[in-house]
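Step one of this worksheet: look at the structure below.
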Amino acid sequence: MNLPHLSISFAAGATRKLELAIENCTIPARAFDSEQATLIVFGTPIHGNNIVYNEIWAEVTDDGLPPGFLGDLNGEFLLVTLDKKSGTLRISSDRYTSIPLFYVVDDSGFFGSVFYKDVRKHLNRHNRSKINEHAVFEFLWLQRLLGTKTYDSSSSFLLAATTLTYRSGAATLQPYWVPSFEKTRASVKDSAHQLSGLLRQSIRRKTSDNPGRIGLFLSGGTDSRTVLGSFAEPPASYTIGVRDNNEVRVARTIAEVAQSPHRFIQINEDPYSDKLDELTMLGGGMHAFDHGIFFEPSQQVAPEVDVMFHGHGIDYMFQGMYLLTRNLNLLGRRTSFKRFDSIGQDFPGEYINRIGHRLKDINLVEYVVGNRRTEMLEKLRHSVEEIQKLGEAFCRTPDDQWEYMLIHGLARHYPFTNLTSMGSAVEQRVAAFDNDVFDLYLSLPKSHRLDGKIAKNTLRILSPKLAAVPTANTNQGPVHTALEKDARRLLGLVKRRVGLERTRCLRTPAEERTWPDRGRMFATQPGLTDVAMALRKSEALASLGFLDMDRLGRDIPDWLESPGDGSGATMTFLVTIDRFIKCDQ
């Protein structure tokens, strides 16, 4: 299948020609035109409680769209306006960068695309595509990029709630909305009642255009069932997996409880080897290739569904996924009880070393040639400091700043290619990308999100029956408290010790979940094993100039022999970069 393409180009000078190119792309696009102006609306913007287009066109002036109006717009969108008289191009992102924009500006004009691969092609045609090795190191360390940077020095990423103005060969940026971290005094219970109502409202808003057949990618976890419980009428649900395993069986039970028609979509034992290039370029090399796992299932769903929903965003907004916490130990055993850790005085250092999505169990610095180590770490630190500085005007505490590191561009968050791959054949919409839902998240004290308190209470309010179905990962109830979890684990351990029970109640193995284990997939799938071994002599990786190829050459066979989470992640990231550079040449 051909990869999607969506680009905008504007020729400066006398022609002032605006061109839109769309191929194999499911992102909705509406165009309006007059003698004075052009408007292109991507996505599903919401005003009030309805998806709107004409109302936006009515607001276009010689100065584009008013900042106040943009601040009132809800939903997922990217808006492009052209004032024909002055030759001024303006592009506004939403609060979530749900439709990302990568762009290049110069005297000849503007070129931008939703997909970084297209910007790279544009730069390659003009011999301006030298790889930024510091950005590559940042990806390897954090599993994502921060701020506006890309893999080159010529292009940029448009941050959230920002209007880009291009005129006379130059671009300026102006935020039209900034987050407020003012905290609510409402209790967890009251906040959960509010969230349950807002999620239901979000679903109504995001289906106000009567989109036709609605589907939901349903896992055996908590997030997607929370979205399912927010529908007044349950959509059809789809679960992917290598086999009909525990994840699929739990999802099927969830669907039955919600009375949602359910279909299991079986994927290959090795869902990646024959699609590495496509999955890598779909994420522009800025997201690990395995997060594009929905690429093929999306093709299978497309004949049956017009719009897909899923559970993205519920975890990092309401389950406290990236709060700085530590599990308490009792008698030498790790418990489910968590306590907060303070961020401390060195914010960049804390973030670099303790953010939850960073590379763990492997010391990346050991795989950097000795004379480049200090430089790479200093550049990474500077990258964090740049975002920290952007948030100084509205972040009151280090905890606010910690959240802002995530939300300044959610399309940069490491699993975003989940959404891109879901949307490769069918339009996808995110229930959590609603301004009222988002504002509530920003207002919550971190204590409300510790151990997912608000998420658990919200699920119980939305559907007590769904809250009673155990999760696929732990085979425990999704609303169980830390005490209940540990008590059940202890009881299960005692029963197994005395021979009364053989089934496990602890975390289920990778074979019983959707995503293949990163370490084991390289060790057990011949195609991926060959790809990993080829990294040892990769000219693409060697061309970066900072990786210790001899050390990688020695250690990769050991990683394949004794796979682990850290080594599996490292190989995944290295394969992504290797394929990106090769495909880019």
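The structure displayed is predicted, hence computed values, not measured ones. Side chains included, hydrogens not; waters and symmetry mates left out as well; all remaining heavy atoms used. For this chain, numbers begin at 1 and follow the sequence in order.
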_Could you check whether Glu76 pairs with Arg429 (Lys NZ or Arg NE/NH1/NH2 to Asp/Glu carboxylate O, under 4.0 Å)?_
no
*asked:* Less than 4.0 angstrom from a charged side-chain N to a carboxylate O is my criterion; do Glu138 and Arg144 meet it?
replied: no
*Would you find more than 12 non-hydrogen atoms of other residues, nucleotides or ligands less than 6.0 Å from Lys130 atom NZ?*
no
_Carboxylate-amine/guanidinium contact Asp290 Arg518, below 4.0 Å_ = yes
*Over 12 foreign heavy atoms within 6.0 Å of NZ, Lys17*: no
*Does Arg551 CZ have over 12 foreign heavy atoms under 6.0 Å away?*
yes
*asked:* Using side chain to side chain donor-acceptor pair (under 3.5 Å), reason through Asp118 and Ser113 one step at a time and then give a plain yes or no.
replied: CA-CA 6 Å; Asp118 301 328; Ser113 177; 2.8 Å; yes
*Is the cationic atom of Lys446 (NZ for Lys, CZ for Arg) positioned less than 6.0 Å from the six-membered ring centroid of Phe340 and within 45 degrees of its normal?*
yes
*Does a side-chain N-to-carboxylate-O contact under 4.0 Å join Arg373 and Glu366?*
no
*With Glu385, which residues qualify under salt bridge (charged side-chain N to carboxylate O under 4.0 Å, His left out), at least two apart?*
Arg381
*asked:* Please identify which of these residues, Glu403, His413, Arg354, meets the side chain to side chain donor-acceptor pair (under 3.5 Å) condition with Tyr322.
replied: His413
*Are more than 12 heavy atoms from other residues, nucleotides or ligands located less than 6.0 Å from atom NZ of Lys379?*
no
*All salt bridge (charged side-chain N to carboxylate O under 4.0 Å, His left out) counterparts of Asp315, not counting sequence neighbours*: none
*asked:* Just checking Glu375: does its CD atom have more than 12 heavy atoms from other residues, nucleotides or ligands closer to it than 6.0 angstrom?
replied: yes
_Qualifying residue, where the test is side-chain contact (heavy atoms from CB on, under 4.5 Å) with Met521 and the options are Asp270, Thr572, Thr529_ = Thr572
_Can you confirm if the aromatic rings of Phe522 and Trp559 lie within a centre distance of less than 6.0 Å?_
no
